[in-house]
K.L.:
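Dropping the structure in here first, questions after.
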Amino acid sequence: MEFKILDNGRIQSKGYAMLDKNAKFSPFEFSRHAIGEYDILVKILYAGICHSDIHTARSEWGEAIYPCVPGHEIAGEVVAVGSKVSKFKVGDYAGIGCMVNSCGECESCKNSQEQFCEQGKTVFTYNSKDCFHDNENTYGGYSNNIVVSEKFAVCVPKDAPLEKVAPLLCAGITTYSPLKFSNIKEGSKVAIAGFGGLGMMGVKYAVKMGAKVSVFARNENKKQDALNMGVSSFYTSTDKNIVKERFDFIISTIPTAYDPVAYLELLKFGGEMAIVGLPPLENEININIKELIFKAGKKVYGSLIGGIAETQEMLDFSLKHQIYPEIELIKPNEIDKAYENLTSGKAKFRYVIDMR
Ligand code: NDP
Ligand code: ZN
């Protein structure tokens with residue numbers, strides 16, 4: 001048996017938690033809710049580190065619930081299934097992203113936009129109150145297993161490179177979704193601002209969709225990587241005032257304080273900008289209405305991950321076209337170091353924790 005069921009039916013789990021916002025990660029034992037009729041138990045093999053994990057665990061978006069076990073880029077193997085599960089069997093591979101449940105009945109859920117559950121019942125993978133299980137806190141993927149409603153797990157074929165699949169569950173869907181929403185196609189001129197975990201995936205998808213892609217990074221360190229990915233122009237964020245090109249679409253993945261209006265100015269008339277990067281509260285960004293009006297004719301929207309159906313579509317698209325993230329595998333005792341690198345500009349693209 002790969003897992004232990006406690007007397008009360010709960011599943012024994014262990015992972016790595018931060019105990020307060022300044023803590024280092026330490027081993028943490030806990031239990032997960034019992035496997036319901038429609039739930040699956042997944043043995044976690046790989047977990048990506050998203051910058052949202054850092055914002056959350058450090059309480060940068062508001063006070064987190066501690067102990068905090070982050071991780072919403074999860075790939076693993078199904079080790080048990082509830083009696084009514086039809087999508088998975090034991091031995092299958094599954095991917096789990098930012099959500100583990102929602103009401104399933106409202107218009108948003110019925111349209112597979114579960115991240116916008118109109119009853120407010122979206123249960124996020126960690127740091128979220130699980131209204132379907134006595135409001136207990138959820139714990140994420142920096143752990144050995146997870147119990148999830150089968151609807152919220154996506155099917156991963158057995159020959160897929162699981163360690164590269166993990167980051168697709170957040171970095172992949174969060175960039176794929178707005179590129180589709182804004183109908184990016186052959187010949188579109190796209191710019192990606194912020195060239196980290198999300199930015200890299202945005203570049204790869206946009207290139208595959210036939211767009212002419214530019215990158216705005218913080219410095220020149222990853223210029224060669226961008227060119228290897230098929231980027232046609234590489235700029236640093238300080239260049240944006242002198243850039244002559246105008247774009248159909250810009251995605252901002254920037255996780256720090258910056259001026260979004262400077263990017264708006266780079267859009268063509270009718271162009272669209274999707275904002276996905278969410279800086280800490282203390283660097284909260286607001287777009288000035290007067291600037292919006294005087295730079296009119298451009299559309300700005302925020303985008304939050306993507307629904308489950310679209311996540312499966314993104315995964316199938318990625319596997320079909322072999323679009324994978326650039327990753328560095330690390331051990332669980334290297335999470336603190338990875339966080340430090342991700343906030344000091346020393347990281348390259350995506351760290352993935354080998355949870356095996
Ligand atoms: P990463 O840390 O992997 O990447 C961020 C990148 O932005 C880094 O390459 C960093 O450069 C670069 N950067 C930082 N400041 C600037 C700047 N002023 N100008 C240009 N580039 C800059 O983070 P992720 O990709 O994992 O996440 C990015 C953001 O997206 C986070 O805020 C995260 O919370 C958010 N997010 C939002 C989601 C949504 O659904 N809306 C889902 C997932 C994440 P350097 O390499 O030099 O540090
Ligand atoms: Zn994420």
Side-chain angles (χ1 to χ4, degrees), residues 1-19 25-47 53 56-57 64-106 109 114-115 117 119-156 158 162 166 169 308 311 332 353 355-356:
M1 196 84 124
E2 301 238 35
F3 54 96
K4 185 170 177 200
I5 301 181
L6 304 171
D7 291 342
N8 55 6
R10 293 178 66 85
I11 306 298
Q12 194 174 59
S13 301
K14 56 185 178 181
Y16 295 86
M18 262 170 71
L19 301 181
F25 277 91
S26 52
F28 172 58
E29 297 200 358
F30 58 102
S31 64
R32 296 192 181 271
H33 68 73
I35 305 167
E37 288 177 327
Y38 294 99
D39 292 337
I40 61 174
L41 173 64
V42 175
K43 176 183 167 188
I44 298 176
L45 300 173
Y46 299 100
D53 299 351
T56 306
I65 307 168
Y66 296 101
C68 177
V69 179
H72 57 206
E73 293 187 336
I74 300 170
E77 184 178 345
V78 177
V79 291
V81 297
S83 58
K84 293 192 175 154
V85 166
S86 55
K87 195 164 144 189
F88 295 95
K89 57 182 192 315
V90 169
D92 286 349
Y93 283 163
I96 297 146
C98 301
M99 305 177 271
V100 288
N101 222 331
S102 75
C103 90
E105 291 160 1
C106 69
C109 288
E114 299 86 351
Q115 70 276 36
C117 175
Q119 297 201 41
K121 290 187 175 172
T122 308
V123 181
F124 292 96
T125 306
Y126 63 85
N127 194 56
S128 181
K129 291 211 181 304
D130 184 347
C131 55
F132 301 96
H133 298 94
D134 302 325
N135 277 331
E136 66 181 33
N137 181 29
T138 55
Y139 296 115
Y142 300 3
S143 60
N144 64 338
N145 60 31
I146 188 162
V147 183
V148 57
S149 161
E150 65 167 333
K151 260 206 261 176
F152 284 78
V154 296
C155 301
V156 182
K158 282 297 265 204
L162 264 199
L169 278 309
I308 298 299
T311 303
I353 313 164
M355 295 304 306
R356 292 171 304 165

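Since we're looking at a predicted model, the values are computed, not measured.
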K.L.:
Compare every heavy atom of Ile35 with every heavy atom of Ala80, then report the nearest pair and how far apart it is.
P.N.:
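Taking Ala80 first and Ile35 second, the nearest heavy atoms are CB-CD1, 3.8 Å.
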
K.L.:
Hey, is NZ on Lys89 packed in by over 12 heavy atoms from elsewhere, all under 6.0 Å?
P.N.:
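No, the 6.0 Å shell around NZ holds no more than 12 heavy atoms from other groups.
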
K.L.:
State, yes or no, whether a side-chain contact exists between Val148 and Asp39 at a heavy-atom distance under 4.5 Å.
P.N.:
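Heavy-atom side-chain distance check fails, nothing below 4.5 Å.
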
K.L.:
Looking only at heavy atoms, what is the nearest atom pair of Ser143 and Val69, with distance?
P.N.:
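Here Ser143 and Val69 meet closest at CB-CG1, 4.4 Å.
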
K.L.:
Take the angle between the ring planes of His33 and His133 and call it parallel below 30°, perpendicular above 60°, tilted in between.
P.N.:
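Parallel.
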
K.L.:
What I'd like to find out is whether the side chain of Asp92 reaches to under 4.5 Å of the side chain of Cys155, using heavy atoms alone.
P.N.:
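Sidechains of Cys155 and Asp92: no contact.
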
K.L.:
Can you confirm whether Asp134 is buried at CG, in the sense that more than 12 heavy atoms of other residues, nucleotides or ligands lie under 6.0 Å from that atom?
P.N.:
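Count not over threshold, so no.
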
K.L.:
Assess whether a salt bridge exists between Glu150 and Lys87, defined as any Lys/Arg side-chain N lying under 4.0 Å from an Asp/Glu carboxylate O.
P.N.:
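Between Lys87 and Glu150 there is no salt bridge, as every charged N stays at least 4.0 Å from the carboxylate O atoms.
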
K.L.:
Is it the case that the ring center of Phe28 lies less than 6.0 angstrom away from the ring center of Tyr139?
P.N.:
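Between Phe28 and Tyr139, which both carry aromatic rings, the centre distance is below 6.0 Å.
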
K.L.:
In Å, rounded to the nearest 0.5 Å, how long is the span from OH of Tyr142 to CD1 of Ile74?
P.N.:
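Rounded to the nearest 0.5 Å, the OH-CD1 separation comes to 10.0 Å.
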
K.L.:
Over all heavy atoms of both residues, which pair between Ile65 and Ser128 is shortest? Give the atoms and the distance, please.
P.N.:
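Closest heavy-atom pair between Ile65 and Ser128: CD1-N, 4.3 Å.
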
K.L.:
Hey, what do you get for SG (Cys103) to CD (Gln119), rounding to the nearest 0.5 Å?
P.N.:
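Cys103 atom SG to Gln119 atom CD measures 4.0 Å (nearest 0.5 Å).
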
K.L.:
Please evaluate residues Ser13 and Asn145 with respect to the criterion side chain to side chain donor-acceptor pair (under 3.5 Å), reporting the C-alpha separation (whole Å), side-chain torsions for both, the decisive distance (0.1 Å), and the verdict.
P.N.:
CA-CA 6 Å; Ser13 301; Asn145 60 31; 2.6 Å; yes

K.L.:
Provide the closest heavy-atom pair for Lys151 versus Gly104 in the form atom of the first, atom of the second, distance.
P.N.:
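Result for this residue pair: NZ-CA, 4.0 Å.
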
K.L.:
So if I apply the side chain to side chain contact (heavy atoms under 4.5 Å, CB included) rule between Ile40 and each of Val79, Val85, Ile96, which one comes out positive?
P.N.:
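Considering Val79, Val85, Ile96, a side chain to side chain contact (heavy atoms under 4.5 Å, CB included) with Ile40 is found only for Val85.
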
K.L.:
Do Glu73 and Tyr46 have side chains that get closer than 4.5 Å, going by heavy atoms?
P.N.:
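Not in contact.
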
K.L.:
Indicate the atoms forming the closest heavy-atom contact of Thr122 with Phe124, along with that distance.
P.N.:
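The answer is CG2-CZ, 3.6 Å.
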
K.L.:
Once rounded to the nearest 0.5 Å, what's the spacing between atom CG of Asn101 and atom NZ of Lys121?
P.N.:
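The distance works out to 10.0 Å.
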
K.L.:
If you round to the nearest 0.5 Å, how far is CD of Gln115 from CE of Met99?
P.N.:
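It comes to 5.0 Å.
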
K.L.:
What verdict does the side-chain contact (heavy atoms from CB on, under 4.5 Å) test give for Asn127 and Thr138, after you've listed the backbone C-alpha separation in whole Å, the side-chain angles of each residue and the deciding distance to 0.1 Å?
P.N.:
CA-CA 6 Å; Asn127 194 56; Thr138 55; 5.6 Å; no

K.L.:
Given Glu136, which partner from the list Arg10, Lys129, Arg32 fulfils the salt bridge (charged side-chain N to carboxylate O under 4.0 Å, His left out) test?
P.N.:
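Among the candidates, only Arg10 passes.
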
K.L.:
Could you give the distance from CE (Met18) to CG (Asp53), rounded to the nearest 0.5 Å?
P.N.:
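Answer rounded to 0.5 Å: 10.5 Å.
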
K.L.:
Quick one: does Thr125's side chain have a donor or acceptor within less than 3.5 Å of a partner on Gly97's backbone?
P.N.:
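Yes, Thr125 side chain to Gly97 backbone: donor-acceptor pair under 3.5 Å.
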
K.L.:
Which heavy atom in Ala94 sits nearest to a heavy atom in Val42, and how many Å separate them?
P.N.:
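Looking at all heavy atoms of both residues, the closest pair is CB-CG2, 4.2 Å.
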
K.L.:
Using 0.5 Å steps for rounding, measure from the CD atom of Glu77 to the CG atom of Leu41.
P.N.:
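Output value for this atom pair is 11.0 Å.
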
K.L.:
Are the side chains of Ser31 and Leu6 in touch, meaning some heavy atoms are under 4.5 Å apart?
P.N.:
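Yes, close enough: below the 4.5 Å cut-off.
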
